[in-house]
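Numbering of residues begins at 1 and proceeds along the displayed sequence. For ligands, and for the atoms within them, numbers begin at 1 and follow the listed sequence. Just so it is clear, the model here is predicted, and its values are computed rather than measured.
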Amino acid sequence: MANDASAAFDTLSPAVFKGSLADPFTPPADSSLWRKNFLLGAATASYQIEGAVDEDGRLPSIWDTFSATPGKVLAGDTGAVACDHYHRWEADIDMLASLGLEGYRLSIAWPRVMDAAGRPNRKGLDFYKRLLNRLKEKGITSFVTLYHWDLPQHLEDRGGWLNRDTAYRFADYTDLMSRELAGTVDAWATLNEPWCSAYLGYGNGHHAPGLANDRFATQAMHHLLLAHGLAIPVLRGNDPASQKGIVANIGRGTANSDSAADQRAAHLFEVQHNAWILDPLLKGEYPQDLFELWPGTEPLVLDGDMQTIAAPLDFLGINYYFRTNVASDGAHGFRDVPLEGVERTQMGWEVYPDGLRDLLTGFKKTYRNLPPIYITENGMASDDKVIDGHVDDAQRISFLKRHLAAVDQAIKAGVDVRGYFLWSLMDNFEWAFGYERRFGVVHVDYSTQKRTVKRSAELVAKFLKERKARV
Ligand code: FCB
């Protein structure tokens with residue numbers, strides 16, 4: 001893996017989107033999306049929207065440190081102000097409700113709610129209490145992620161996720177949050193995308209804390225998963241009525257040719273992206289093929305860890321964005337072979353809805369105990385502009401429609417998918433890419449903090465209204 005942060009900014013240029021705004025968004029009559037109990041919501045994460053990084057006793061996080069380091073984030077952007085959601089949360093929740101969105105997935109900033117000695121920070125806690133109470137009043141289902149990457153810096157200073165102790169500190173934090181917030185949260189997710197925390201944070205250094213070592217990545221992953229496994233029984237004890245789960249990002253890998261070597265490369269890609277996290281969670285073991293890719297990187301696993309990690313889940317959150325076409329690297333790994341002429345987004349990510357359907361149906365075959373699934377993130381970035389008060393995000397409308405159709409196909413093939421969250425409610429701080437990449441269904445003007453509902457959000461709202469009106 002490259003120890004070169006600039007590689008994080010490489011993208012393929014977006015191919016021209018050929019759809020049209022005239023295409024209807026509303027799903028066909030036989031779509032499972034019409035089911036009223038199929039939850040449609042939007043997602044955000046604390047560091048990406050809150051700002052107010054040194055208010056009311058919030059401590060620094062690894063993302064404050066990382067984004068303040070020159071060269072780590074595009075244009076030197078940081079989350080210091082972001083969408084100023086810490087101050088504008090009421091209006092933002094009103095906006096969410098006015099769109100008719102039925103679910104909201106947010107995350108809690110660990111450094112906002114606990115001090116370095118593990119004591120609660122009341123002011124930070126009150127922020128989330130007010131917010132969750134408001135969601136309840138509005139009848140919006142809340143999905144709360146405990147860790148969406150903003151580790152307190154004081155824990156990183158003691159080794160972060162390379163230090164086994166961080167898993168136990170996470171369990172303490174989970175205990176505090178679930179005692180304080182019990183009854184206001186519908187579903188808890190322990191971690192967001194541990195793959196990204198481990199691999200991008202400790203494996204290639206593209207994300208905070210910016211370390212780059214294969215052995216670090218596997219050890220950090222083990223401690224993240226251990227943290228998850230320790231937290232699940234804590235949540236069950238403190239807040240029995242809620243759902244408990246975890247959010248995993250998954251990636252589709254396809255082979256560049258029919259050759260056995262390329263087929264094997266595609267398999268290894270999916271081992272590295274999917275089985276690395278799903279096997280320990282759902283089978284209680286790491287995929288051995290992973291260590292064929294990275295020889296000698298087996299993490300230190302203590303007796304009982306794998307049973308802890310495989311604690312039964314009420315739901316599995318799935319984040320899906322794109323596929324990667326790969327070929328054998330000639331040794332024991334794979335290399336990306338970007339396809340020509342395919343549709344891409346502002347991120348350079350290929351638009352490939354079939355990948356979502358194929359992965360979901362594949363998981364159902366592979367994992368006997370696959371829990372009910374929520375798509376906890378799906379969406380795309382585009383270079384959206386407000387023109388005469390409107391944002392016509394035609395590619396996003398088409399993207400959402402095609403991915404929702406893929407979810408419907410998976411449901412019809414027998415996969416238990418219960419909901420879908422748009423990433424994201426509003427444009428926000430897109431990690432190493434800063435504010436340039438706009439993922440929101442609501443546009444944010446960062447100089448004025450003005451929110452403008454994009455056409456995609458209007459169409460989702462229209463559909464939800466129609467669905468609600470049905471008898
Ligand atoms: C996911 C992250 C989310 C957002 C999207 C685009 O990996 O969970 O915070 O940045 O990608």
Nearest-neighbour protein heavy atom for atom 3 (C) of ligand 1, which is reported as residue plus atom name and distance: Glu377 OE1, 3.3 Å
Side-chain H-bond candidate by donor/acceptor type, Tyr199 with His273, under 3.5 Å: no
Charged N-O contact under 4.0 Å between Asp94 and Lys138: yes
Phe421 six-ring face occupied by Arg105 cation (under 6.0 Å, within 45°): no
Nitrogen or oxygen of Trp431 less than 3.5 angstrom from that of ligand 1: yes
Atom 5 (C) of ligand 1: nearest protein contact (heavy atom, Å): Tyr321 OH, 3.3 Å
Close-contact set for ligand 1 against Phe439 heavy atoms, below 4.0 Å: 6 (C)
Heavy atoms of other groups near Lys462 NZ, more than 12 under 6.0 Å: no
Check against ring-ring contact (aromatic ring centres under 6.0 Å, His included), Tyr104 and Phe143: CA-CA 6 Å; Tyr104 182 46; Phe143 271 58; over 10 Å; no
Within-cut-off N or O pair, Trp423 and ligand 1, under 3.5 Å: no
Ring centres under 6.0 angstrom apart (His207, Trp63): yes
Part of Asn192 with heavy atoms under 4.0 Å of ligand 1, whether side chain, backbone, both or neither: side chain
Per-atom contacts, ligand 1 versus His148 - under 4.0 Å to a heavy atom: 2 (C), 3 (C), 8 (O), 9 (O)
Ligand-side contact atoms (ligand 1) for residue partner Gln48, heavy atom cut-off under 4.0 Å: 3 (C), 4 (C), 9 (O), 10 (O)
Test: Arg58 cationic atom under 6.0 Å from Phe127 six-membered ring centre, within 45° of axis: no
Selected option - heavy-atom contact closest to atom 10 (O) of ligand 1, from Glu193, Glu430, Met347: Glu430
Polar contact flag for Trp149 and ligand 1 (N/O pairs, less than 3.5 Å): no
